Amino acid sequence: MENILLILTIISFVFSFSIIVFLFLSNKKVKILNSDLNKRFSDLKQQNTILRSEIDELRGGLLNMGKRIVQQEKLSQELSENQQALQYSDPDSKMYSRAVKMVELGAQLDEVMKECELPRAEAELLISLHQQK
């Protein structure tokens, strides 16, 4: 009976020891995994910070680009308006514009020369230029 009790005690001791070793090894593995996760979390946090700063730079660049596009559109519109104003204020330009319109509407050479007071050579040049279109 004492032998059986001794054997049970030894088995119990071995079983308890194996459980303690298992828990110790598991705890060590959990610490290693926790350390790896903390390192990955730290790396991801750093990447997130870098990406946010890059996004902020891109936003700033886009805003500046948008402002420049608006300025260029305004400048282009002003230039177009100035060009039209010059076209209508110059009397010679009016005469040529009228002659071009007449040619586009199908007027003959004599009619263009008479209505716009253009020399024959200029009227022929206008007709040849605008009939090609």
Side-chain angles (χ1 to χ4, degrees):
M1 182 78 173
E2 288 184 12
N3 282 340
I4 292 178
L5 194 60
L6 182 65
I7 291 173
L8 284 175
T9 304
I10 290 173
I11 289 174
S12 166
F13 178 75
V14 168
F15 183 71
S16 296
F17 183 74
S18 64
I19 288 177
I20 289 172
V21 167
F22 175 75
L23 289 175
F24 177 75
L25 291 175
S26 294
N27 188 23
K28 193 172 182 179
K29 191 173 182 178
V30 166
K31 284 183 179 178
I32 290 171
L33 289 173
N34 193 18
S35 174
D36 289 344
L37 286 175
N38 282 336
K39 186 178 180 208
R40 287 183 68 192
F41 180 72
S42 176
D43 290 345
L44 289 174
K45 198 172 181 180
Q46 186 177 6
Q47 285 179 348
N48 189 19
T49 302
I50 291 169
L51 289 173
R52 284 180 187 253
S53 67
E54 288 178 357
I55 288 172
D56 288 341
E57 288 178 17
L58 287 173
R59 281 187 189 152
L62 286 175
L63 286 175
N64 286 335
M65 190 179 298
K67 288 177 183 175
R68 287 183 185 167
I69 288 172
V70 168
Q71 287 174 345
Q72 293 300 317
E73 286 177 351
K74 285 182 181 177
L75 181 64
S76 175
Q77 188 174 5
E78 286 176 11
L79 287 174
S80 177
E81 290 171 0
N82 287 342
Q83 185 180 12
Q84 286 181 348
L86 284 174
Q87 188 177 16
Y88 292 122
S89 67
D90 185 15
D92 290 338
S93 177
K94 281 183 179 179
M95 181 178 60
Y96 287 113
S97 296
R98 184 172 176 212
V100 168
K101 283 186 181 180
M102 288 177 68
V103 169
E104 288 175 350
L105 292 174
Q108 298 299 317
L109 177 65
D110 293 334
E111 189 179 357
V112 172
M113 287 173 47
K114 185 177 177 183
E115 291 293 324
C116 299
E117 299 176 2
L118 290 176
R120 176 177 279 284
E122 289 181 12
E124 288 175 348
L125 180 64
L126 276 175
I127 289 173
S128 66
L129 287 174
H130 291 282
Q131 281 182 343
Q132 290 176 353
K133 290 182 180 179

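As the structure is a computational prediction, the values presented were derived from the model and not from experiment.
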Search all heavy atoms of [X] against all heavy atoms of [Y] and return the closest pair with its distance.
X      : Y      : value
Met95  : Cys116 : SD-O, 2.9 Å
His130 : Glu104 : ND1-OE2, 4.2 Å
Val112 : Val103 : CG2-CG2, 4.0 Å

Return a table of donor-acceptor pairs under 3.5 angstrom between the side chains of residues 5-24 and protein atoms on other chains or two or more places apart.
residue : atom : partner : partner atom : Å
Thr9    : OG1  : Leu5    : O            : 2.7
Ser16   : OG   : Ser12   : O            : 2.9
Ser18   : OG   : Val14   : O            : 3.3
Ser18   : OG   : Phe15   : O            : 2.8

Crowded around Glu81 CD? As in, over 12 foreign heavy atoms under 6.0 Å? yes
More than 12 non-hydrogen atoms from neighbouring residues, nucleotides or ligands closer than 6.0 Å to CD1 on Ile4, yes or no?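 Count not over threshold, so no.
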Could you list the donor-acceptor pairs under 3.5 angstrom formed by side chains in residues 65-78, with sequence neighbours left out?
none

Restricting to pairs with a member in residues 19-33, which pass salt bridge (Lys or Arg N to Asp or Glu O under 4.0 Å), not counting sequence neighbours?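 Counting only pairs at least two positions apart or across chains, no salt bridge (Lys or Arg N to Asp or Glu O under 4.0 Å) contact touches residues 19-33.
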Considering only residues two or more places apart or on different chains, which pairs with a residue in residues 44-66 satisfy salt bridge (Lys or Arg N to Asp or Glu O under 4.0 Å)?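 Every salt bridge (Lys or Arg N to Asp or Glu O under 4.0 Å) pair that includes a residue of residues 44-66, provided the two are not neighbours, is Asp56-Arg59.
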For Glu122, enumerate each residue passing the side-chain hydrogen bond (donor to acceptor under 3.5 Å, both in side chains) test, keeping only those at least two apart in sequence or located in another chain. Tyr96
With sequence neighbours excluded, what pairs up with Gln108 under the side-chain hydrogen bond (donor to acceptor under 3.5 Å, both in side chains) test? none
Residues forming a side-chain contact (heavy atoms from CB on, under 4.5 Å) with Leu109, sequence neighbours excluded: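 Applying side-chain contact (heavy atoms from CB on, under 4.5 Å) to Leu109 gives Met113, Arg120, Ala123, Glu124, Ile127.
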Interatomic distance, [X] atom [atom1] to [Y] atom [atom2] [nearest 0.5 angstrom]:
X      : Y      : atom1 : atom2 : answer
Ser42  : Gln47  : OG    : CD    : 10.0 Å
Asn38  : Leu33  : CG    : CG    : 11.0 Å
Leu125 : Leu129 : CG    : CG    : 4.5 Å

Members other than Leu51 in its cluster, when Ile, Leu, Val, Met, Phe, Trp, Tyr link by side-chain heavy atoms under 4.5 Å?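 Joined to Leu51, directly or through intermediates: none.
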